[in-house]
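Take a look at the structure below.
Throughout, protein chains are lettered first and strands after them, A, B, ... in sequence-line order, and every chain is numbered starting at 1. Side chains are part of it too, since the values below use all heavy atoms of this structure and drop only hydrogens, waters and symmetry mates.
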Number of protein chains: 2
Amino acid sequence: MSTQHALLISLIEKPSSGYDLARRFDKSIGYFWHATHQQIYRELGRMAELGWIAADETAREATTQPTTQPAAQSTDNAAPEGNAVEKKNRKKVYGVLPAGRQELVRWVLSPGAGLDQREEILVKLRADAAIGPLGLDQEMLRLIALHEERLALYRNIERKDFAGTLDRRQKIQHALLMRGIQFQENWVKWGRELLPLLEKADKA
Amino acid sequence: MSTQHALLISLIEKPSSGYDLARRFDKSIGYFWHATHQQIYRELGRMAELGWIAADETAREATTQPTTQPAAQSTDNAAPEGNAVEKKNRKKVYGVLPAGRQELVRWVLSPGAGLDQREEILVKLRADAAIGPLGLDQEMLRLIALHEERLALYRNIERKDFAGTLDRRQKIQHALLMRGIQFQENWVKWGRELLPLLEKADKA
DNA sequence: CTGTGCATGTAAGGAGTTACATGATTCG
DNA sequence: CGAATCATGTAACTCCTTACATGCACAG
């Protein structure tokens, strides 16, 4: 399971609440691993039970040197001594415990599945091949637009975040972005070429 | 849900048993939509209930009670004399009924999600970026090899099945194959470029 | 007569989706 | 004050994965 591990990474990059994570999964790491807020809260709960992470009031920290430091995170939420209040609803900031870090390393180095694609449109195209032209060009146009939009987004990120010289961390993150860019470029080009084949005959 | 629809297409292309389908999902359509044999049998059962497909010798005990529980296993079993013929275990060849075909068309033309990638290795790389070089080059090499293997397979299929002039059906199927080829080429190239970044320092 | 391939399933559990619910804070 | 947004969760359900179970047919 990778959702937990994606969350661990996000938490290492920056200790966060479930809500923060949910928003972050709508961008950055969510671009290559999607998760909804319900999933996130559930996995946070499980990982807390497993001792991989902990909410701030409980034994926060222990890892030696997180690569990124949150720097100016409003320090006002201290009050460690007398809390005991248990306000039901207040923000819980989770941090990664040593066990969580270990688990992450273990998982990163364990062999993964690789190549098991699941793209709906490919199945639809196969159907279109089998049972006559159904007018898939409309759907295809829609998807091309989506991929172009995403491509533009990635290119903007590249321009903004990856100019100048990069350290190792940035180089890898840039490579991840490039993967996305190349994938989208490739997809759009392929889709455009395919388009003429999909028109329904009676359109003429 | 697309597994059902992938099965419908396979059955339209050629009426088959669950077993046949499972084997076919290890190639051709399985290249872009994976499914295990358990999934296949379950979905076949459901689609049969829905009236989308039917096994060839339909008369098979469908005569009286529509919702017969297929339980009747283990101990209580008695009286093989009841309906003598019907060997329990023999091959069921399913074919698509009009309702199934309609459903397939409906689904093909309905808008799908598009872009929600989920590639484990990308998450792992992000982790490697965040918490030092962990030695991901080994895993990366493994994956590159997998993708190259798949690429070679695709190229063989192209050479064998798509020479000469093609009709529309073949053109689309060729485009699907090309999608796979381009994806794999792209992936391998990207992976090779990334590799130098992943070596663990102490390897020197 | 034993192993391999054909052929069909059940059971249990984990992961993901969709819908609903609720209270707190902030801002105009 | 009311609406938007922050923030956390439950419940029900579907889908996917892994392991197990059974029985027939045929070849060596």
Side-chain angles (χ1 to χ4, degrees), chain A residues 1-7 11 15-26 30 32-50 53 55-57 73-74 76-77 85-94 107 112-114 116-118 120 123, chain B residues 1-7 15-26 30 33-50 53 55-57 60-61 68-77 80 85-94 107 112-113 116-118 120 123:
Chain A
M1 216 272 289
S2 307
T3 300
Q4 292 185 336
H5 302 99
L7 290 170
L11 290 178
S16 312
S17 67
Y19 192 82
D20 292 335
L21 289 167
R23 274 184 315 177
R24 266 203 283 156
F25 266 71
D26 284 339
F32 39 87
W33 200 272
H34 167 263
T36 62
H37 90 267
Q38 294 88 342
Q39 261 184 95
I40 289 169
Y41 282 116
R42 172 157 34 97
E43 298 307 335
L44 286 177
R46 285 182 186 170
M47 290 195 289
E49 260 181 52
L50 288 168
I53 61 174
D56 48 7
E57 34 232 343
Q73 165 145 13
S74 55
D76 55 320
N77 64 348
V85 188
E86 297 301 347
K87 289 180 192 170
K88 281 281 179 189
N89 245 359
R90 223 40 306 208
K91 187 167 176 168
K92 287 187 209 167
V93 175
Y94 287 95
W107 174 78
D116 24 290
Q117 230 179 336
R118 255 183 186 198
E120 227 179 51
V123 182
Chain B
M1 216 272 286
S2 307
T3 301
Q4 293 186 335
H5 301 99
L7 289 170
S16 313
S17 66
Y19 191 83
D20 292 335
L21 289 167
R23 273 183 317 176
R24 266 204 282 156
F25 266 71
D26 284 339
W33 198 271
H34 168 260
T36 63
H37 90 265
Q38 293 88 341
Q39 261 181 93
I40 289 169
Y41 282 115
R42 173 159 33 95
E43 299 307 336
L44 286 177
R46 285 181 187 171
M47 289 195 290
E49 261 181 51
L50 288 167
I53 62 174
D56 47 5
E57 42 214 344
R60 211 188 201 85
E61 86 168 335
T68 44
Q69 297 244 18
Q73 61 174 23
S74 70
T75 49
D76 68 321
N77 174 357
V85 201
E86 301 309 346
K87 292 176 190 171
K88 282 274 181 191
N89 244 359
R90 224 49 299 224
K91 189 167 176 167
K92 286 187 211 169
V93 174
Y94 288 94
W107 174 78
D116 22 291
Q117 230 179 336
R118 258 186 184 195
E120 225 180 53
V123 182

| Shortest side-chain distance from K92(A), nucleotide among dG9(C), dT17(D), dT8(D) | dT8(D)
| said: If I take atom NE2 in residue H37(B) and atom P in nucleotide dA7(C), what distance separates them, rounded to the nearest angstrom? | reply: 13 Å
| Please give, in whole Å, the distance from dT18(D) P to I40(B) CD1? | 15 Å
| field | Nearest heavy-atom neighbours spanning A55(A) and Y94(A) | value | N-CD2, 3.6 Å
| With sequence neighbours excluded, what pairs up with R118(A) under the salt bridge (charged side-chain N to carboxylate O under 4.0 Å, His left out) test? | none
| task | Provide, to the nearest angstrom, the distance between the CD atom belonging to Q4(B) and the P atom belonging to dC15(D). | result | 7 Å
| said: Could you check whether any side-chain heavy atom of D20(B) comes within less than 4.5 Å of a side-chain heavy atom of K91(B), counting everything from C-beta outward? | reply: yes
| request: Name every residue in residues 17-26 of chain A that has at least one heavy atom under 4.0 Å from any atom of DNA chain C, in order of residue number, or write none if there are no such residues. | output: none
| request: Indicate the atoms forming the closest heavy-atom contact of L44(B) with G18(B), along with that distance. | output: CD1-CA, 3.6 Å
| Between dA7(C) atom P and Q38(B) atom CD, what is the distance in whole Å? | 17 Å
| Under-4.0 Å side-chain N/O to phosphate OP1/OP2 contact, Q39(B) with dC15(D) | no
| Interatomic distance where CD belongs to E49(B) and C1' belongs to dT14(D) [whole Å] | 15 Å
| query | How many Å lie between OH on Y41(A) and P on dT17(C), as a whole number? | reply | 17 Å
| message | Can you tell me how far apart OG1 (T36(B)) and CG (D26(B)) are? Round to the nearest 0.5 Å. | response | 10.0 Å
| request: Supply the atom-to-atom distance K92(B) NZ to Y41(B) OH, rounded to the nearest 0.5 angstrom. | output: 9.0 Å
| said: Just to verify, what does E43(A) make a side-chain contact (heavy atoms from CB on, under 4.5 Å) with, not counting sequence neighbours? | reply: M1(A), T3(A), Q4(A), L7(A), R46(A)
| Nucleotide dA7(C), atom P - distance to NZ of K91(B) in whole Å | 4 Å
| For atom CD of E43(A) and atom C1' of dG16(C), their distance in whole Å | 10 Å
| query | Under 4.0 Å between a side-chain N or O of T3(B) and OP1 or OP2 of dC15(D)? | reply | no
| query | Under 4.0 Å between a side-chain N/O of R42(A) and OP1 or OP2 of dT8(D), yes or no? | reply | no
| message | Tell me whether the side-chain N/O atoms of R46(B) come closer than 4.0 Å to OP1 or OP2 in dT14(D). | response | no
